[in-house]
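These figures come from a predicted structure and were not determined experimentally. Chain naming here is simple, since letters A, B, ... match the order of the sequence lines and numbering starts at 1 in each.
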Protein chains: 4
Amino acid sequence: MTKNGSGKRAQTKKANRAAILQAARALFGELGYSETTVRDIIGRTSLASGTFYNYFSGKEEIFKALRDETAQQVRPRLRDERIRATSFVDFIHRTFRSFFEIMDANRDLYSIIRRNSGLLRLQQDTPEIIAGFDELRDDVEDAIRRGLLPSIDIDYFVSAIIGVALEVGDAMIQRIPVDVEAAARFASQLFTGGIPALPTVEPGIASKA
Amino acid sequence: MTKNGSGKRAQTKKANRAAILQAARALFGELGYSETTVRDIIGRTSLASGTFYNYFSGKEEIFKALRDETAQQVRPRLRDERIRATSFVDFIHRTFRSFFEIMDANRDLYSIIRRNSGLLRLQQDTPEIIAGFDELRDDVEDAIRRGLLPSIDIDYFVSAIIGVALEVGDAMIQRIPVDVEAAARFASQLFTGGIPALPTVEPGIASKA
Amino acid sequence: MTKNGSGKRAQTKKANRAAILQAARALFGELGYSETTVRDIIGRTSLASGTFYNYFSGKEEIFKALRDETAQQVRPRLRDERIRATSFVDFIHRTFRSFFEIMDANRDLYSIIRRNSGLLRLQQDTPEIIAGFDELRDDVEDAIRRGLLPSIDIDYFVSAIIGVALEVGDAMIQRIPVDVEAAARFASQLFTGGIPALPTVEPGIASKA
Amino acid sequence: MTKNGSGKRAQTKKANRAAILQAARALFGELGYSETTVRDIIGRTSLASGTFYNYFSGKEEIFKALRDETAQQVRPRLRDERIRATSFVDFIHRTFRSFFEIMDANRDLYSIIRRNSGLLRLQQDTPEIIAGFDELRDDVEDAIRRGLLPSIDIDYFVSAIIGVALEVGDAMIQRIPVDVEAAARFASQLFTGGIPALPTVEPGIASKA
DNA sequence: AATGAATGAGCGTTCATTCAT
DNA sequence: AATGAATGAACGCTCATTCAT
């Protein structure tokens with residue numbers, strides 16, 4: 001009767017799994033994947049180190065799990081957003097805004113103030129973003145099929161979106177206050193009209209964090 | 001008389017230093033900085049582990065050395081390229097072409113076949129690219145001052161260039177044959193005219209590696 | 001219910017900790033502190049190298065632990081001994097006898113057959129003795145206050161006791177059988193009456209090991 | 001003709017050997033034997049690391065050489081001193097004064113301010129003192145034969161002298177100014193008359209460095 | 001004889017993972 | 001299912017010694 005997950009045991013299991021995922025999510029954000037140790041993760045929970053392996057087969061596994069879990073939440077939303085797009089301007093803008101909203105929602109994870117004295121550009125590899133990217137290519141292909149986008153080089157195009165999303169998103173996160181809409185506008189105007197379409201700013205103000 | 005580097009010993013030293021640098025360069029490309037061990041590096045040479053420390057004081061040192069050495073080669077070229085730019089179209093195109101040429105020249109380092117079953121987007125942290133980025137911001141500011149670029153949001157703009165350079169460059173490297181000019185054209189047309197300016201390709205061809 | 005140390009696990013832990021301490025104690029005695037490696041220590045147990053760090057945070061830690069643990073056993077005894085002293089003869093004798101008893105009890109540690117072909121007098125840095133010395137100075141000051149000892153130069157006096165305890169104790173340990181009382185008598189008579197008070201021995205017998 | 005050591009080559013050799021010995025002597029004093037590296041030693045000379053092994057077969061060898069070299073200088077002096085002794089009081093006093101004079105002459109080597117936060121009593125193992133000890137036993141035996149000393153337990157007695165010489169000498173060195181005669185008086189009075197013979201000092205002054 | 005780079009065993013320590021309880 | 005101690009390979013790095021020049 002409790003086999004299907006409604007018993008007390010099953011609830012504990014669910015809670016433990018969630019606790020581990022949450023801790024891992026935070027640490028991947030703070031330290032990056034390779035600097036995060038399994039000890040760090042279980043140390044943030046009330047569980048013992050061995051318990052980790054009852055839920056995940058290893059460090060890589062939990063990353064996949066995190067990505068997939070997030071994907072399940074993110075996917076429908078991205079789909080809905082983009083499917084509703086009526087023009088390529090709209091499509092691009094929704095794409096970037098969605099990404100940036102996800103980054104903002106997980107802002108704490110990304111605010112890392114460039115460790116290693118700025119030497120290294122440790123990419124964060126956070127599951128949220130990876131999950132989002134997985135959707136992107138299909139949607140772009142679909143958009144081309146639907147005539148929203150011209151038949152451009154999909155590989156390069158998707159790469160360009162990802163690159164801008166990662167880097168501009170990173171820059172966005174470090175500003176106070178974070179302005180998702182402004183960042184999304186910047187990125188989508190760049191894509192839809194190129195530099196000439198970008199808004200001008202007063203010199204000297206542009207780069208202030 | 002041979003103290004200044006023309007003797008056999010001095011040649012061996014030079015060769016060893018070069019061998020270590022080359023091995024490190026390759027491994028940073030393949031595994032990224034934090035996944036590369038000093039033992040990996042020395043293992044790619046015919047030297048003994050202790051010898052590494054005759055040349056570099058540690059792992060971070062060799063990264064810096066690699067970056068600085070590359071920067072010395074890359075910097076003047078990037079400067080020359082961009083300073084000669086007469087329009088913003090020209091400026092952008094030269095920027096991307098320079099980056100992509102550097103990536104192509106170090107192609108082997110970047111062809112990594114997405115490790116970890118494509119899971120992680122471990123950014124490569126290669127010294128070549130870092131060195132190039134260091135120049136970029138100054139040049140963009142200068143270009144705005146010279147009126148080549150409108151006074152846009154510099155942070156976001158530089159981020160966007162870096163993102164596109166990294167990701168499109170990555171995609172470019174994985175195609176056979178590598179076509180630097182095509183990639184540079186794609187990226188610069190995106191930046192100068194937005195999506196409408198991008199050339200269309202026959203559907204289904206675009207994404208072939 | 002077995003959390004407080006009565007379970008099998010807790011017993012194993014206790015035993016392991018004891019095994020590591022014992023091994024370290026023996027090796028510090030045999031090789032001295034700086035010549036003893038963590039691998040040496042763990043190699044004398046049936047444990048794996050990493051296990052050492054479950055119990056002690058490093059080499060210095062285990063030395064401190066050994067010293068403190070011993071001090072806890074030694075301190076009260078030394079105090080009791082010396083506080084009970086009714087004359088300076090008594091005080092000195094009790095002091096040396098206590099030291100020599102400690103050395104005898106840990107005899108195996110000190111029987112080192114003068115390593116390095118007798119070249120070096122590597123002081124043993126054993127925690128037992130260090131712990132004992134820590135007490136000595138206070139007790140001497142106290143004894144002077146109580147009038148048991150004249151107000152002599154405390155620094156030199158304590159140094160002299162330590163020197164004699166270390167060196168005579170070392171010689172004592174190498175005789176078979178070990179005669180603690182005889183060594184204590186020698187040292188205390190030297191201190192209380194000087195050479196004239198020392199017992200004479202038949203020539204040629206004195207120095208046999 | 002220059003085979004016997006008067007040529008230019010031979011002079012250089014002599015000077016190199018002396019330079020290495022001097023550097024080693026200083027470092028053994030500063031850092032102790034086991035903390036001194038061969039690199040440290042050659043680093044204090046103008047020679048190259050390999051050259052060290054043209055003169056000494058290793059770290060242990062140089063210690064022996066230092067001890068022996070010193071012994072050759074120290075031996076006759078100690079002998080002269082003690083042979084001239086006319087009473088056991090005189091013998092003991094000359095013994096300690098000689099030791100303390102040697103320590104004072106090499107004072108810089110011993111002034112180490114107890115590293116390791118006082119945890120360890122790293123004995124200095126300086127060749128000068130070791131060399132002196134080697135003479136002691138013979139001289140004591142001789143003194144007993146000559147009737148200067150009663151036939152006491154030679155092992156213990158020599159050990160006691162060494163212990164007091166090392167520890168009181170160490171304490172002496174750390175006082176400013178160093179008073180060799182006072183330390184020698186303290187030690188010899190202790191040995192000849194025991195504690196009752198020691199001079200009293202004003203309380204509170206005794207232990208000031 | 002002098003050089004100084006090369007060697008490689010060894011150091012203290014970390015950490016993903018296993019396993020007895 | 002949970003525990004947390006045990007494991008041992010691997011890490012960055014040091015250093016006495018060797019050896020080609």
Side-chain angles (χ1 to χ4, degrees), chain A residues 9-10 12-13 16 35-42 45-62, chain B residues 2-3 7-13 15-17 34-42 45-62, chain C residues 2-3 7-13 15-17 34-42 45-62, chain D residues 9-10 12-13 16 35-42 45-62:
Chain A
R9 238 345 199 306
T12 306
K13 273 188 71 172
N16 285 348
E35 299 300 313
T36 298
T37 71
V38 174
R39 265 176 166 71
D40 288 338
I41 297 171
I42 58 111
T45 71
S46 57
L47 301 170
S49 63
T51 308
F52 177 89
Y53 292 90
N54 287 342
Y55 293 94
F56 305 97
S57 68
K59 199 172 144 185
E60 185 172 333
E61 217 48 53
I62 200 175
Chain B
T2 48
K3 283 261 180 67
K8 197 173 178 180
R9 288 273 272 291
Q11 281 183 334
T12 307
K13 267 189 75 172
N16 285 345
R17 192 186 147 91
S34 57
E35 298 299 315
T36 298
T37 73
V38 173
R39 273 173 171 80
D40 287 339
I41 296 171
I42 207 67
T45 70
S46 57
L47 302 169
S49 67
T51 306
F52 177 88
Y53 295 92
N54 288 345
Y55 292 94
F56 304 97
S57 66
K59 199 175 144 185
E60 188 172 333
E61 267 336 292
I62 200 176
Chain C
T2 48
K3 282 261 180 67
K8 195 173 179 181
R9 287 273 271 291
Q11 281 182 335
T12 306
K13 265 189 78 172
N16 285 347
R17 192 185 147 92
S34 58
E35 300 299 315
T36 299
T37 72
V38 173
R39 274 173 171 80
D40 287 338
I41 297 171
I42 208 68
T45 70
S46 58
L47 302 168
S49 67
T51 306
F52 177 88
Y53 294 91
N54 288 344
Y55 291 93
F56 304 98
S57 67
K59 198 176 143 184
E60 188 173 333
E61 268 335 293
I62 199 175
Chain D
R9 217 34 169 290
T12 307
K13 274 188 69 174
N16 286 348
E35 297 300 313
T36 298
T37 71
V38 174
R39 264 176 166 70
D40 289 338
I41 297 171
I42 58 110
T45 71
S46 58
L47 301 169
S49 63
T51 308
F52 177 90
Y53 292 90
N54 287 341
Y55 293 93
F56 305 98
S57 67
K59 200 174 144 185
E60 185 173 330
E61 217 47 54
I62 199 175

**Report entry** Euclidean distance, atom CZ of residue A:F52 to atom C1' of E:dC19 [Å, nearest integer]
**Finding:** 17 Å
Requested in this report: Apply side chain to side chain contact (heavy atoms under 4.5 Å, CB included) to D:I42 and D:L47, showing your working.
Outcome: CA-CA 6 Å; D:I42 58 110; D:L47 301 169; 5.5 Å; no
**Report entry** Counterpart base for E:dA20, defined by Watson-Crick or G-U wobble contacts under 3.5 Å
**Finding:** F:dT3
Report summary line: Here the pair of heavy atoms bringing A:T36 nearest to A:I41 is CG2-CG1, 3.8 Å
Query raised in the report: Side-chain N or O of B:Y55 less than 4.0 angstrom from OP1 or OP2 on E:dA6?
Result: yes
Requested in this report: Rounded to the nearest 0.5 Å, what's the gap from OG1 on A:T45 to CG on A:D40? Could you check?
Outcome: 11.5 Å
Query raised in the report: Paired with F:dA10 by Watson-Crick or G-U wobble geometry, both distances under 3.5 Å: which nucleotide is it?
Result: E:dT13
Requested in this report: For C:E61 and E:dG12, give me the distance from atom CD to atom C1', rounded to whole Å.
Outcome: 14 Å
Requested in this report: Starting at atom CD of B:E60, determine the distance to atom P of F:dC11, rounded to an integer number of angstrom.
Outcome: 18 Å
Report summary line: When rounded to whole Å, the CZ to C1' distance for the pair C:F56 and E:dG12 reads 16 Å
Query raised in the report: For D:N16 and E:dA2, is the shortest distance between a side-chain N/O and OP1 or OP2 below 4.0 Å?
Result: yes
Query raised in the report: Hey, does the side chain of C:S49 come within less than 4.0 Å of F:dG8's phosphate (OP1/OP2), counting only N and O?
Result: no
Query raised in the report: Could you state the interatomic distance from CZ (C:F52) to NZ (C:K59), rounded to the nearest 0.5 Å?
Result: 9.5 Å
Query raised in the report: Given F:dA5, is OP1 or OP2 found less than 4.0 Å from the side-chain N or O atoms of C:T51?
Result: no
Requested in this report: To the nearest Å, give me how far apart CD (B:E35) and P (E:dA16) are.
Outcome: 11 Å
Report task. Kindly say if A:N54 contacts the phosphate of F:dA2, meaning a side-chain N or O under 4.0 Å from OP1 or OP2. Result -> yes
Query raised in the report: Of C:T12 and B:T36, whose nearest nucleotide on DNA chain F comes first from the 5' end?
Result: C:T12
Report task. Could you state the atom-to-atom distance from CD1 of D:I42 to C1' of F:dA16 in whole Å? Result -> 11 Å
Query raised in the report: Which one, F:dT17, E:dA16, F:dG8, comes nearest to the side chain of D:V38?
Result: F:dT17
Query raised in the report: Of the nucleotides F:dG12, E:dT7, F:dT3, which one has an atom closest to the side chain of B:Y53?
Result: F:dG12
Query raised in the report: D:L47 has an atom CG; how far is it from atom P of F:dT17, in whole Å?
Result: 17 Å
Query raised in the report: When the distance from NZ of A:K59 to C1' of F:dA10 is rounded to whole Å, what number comes out?
Result: 14 Å
Report task. Taking all heavy atoms of C:Y55 and all of C:R17, pick out the closest pair and write down the distance. Result -> CD2-CB, 3.9 Å
Query - Residue mapping more 5' on DNA chain E - nearest nucleotide basis, B:K13 or C:R39 - result: B:K13
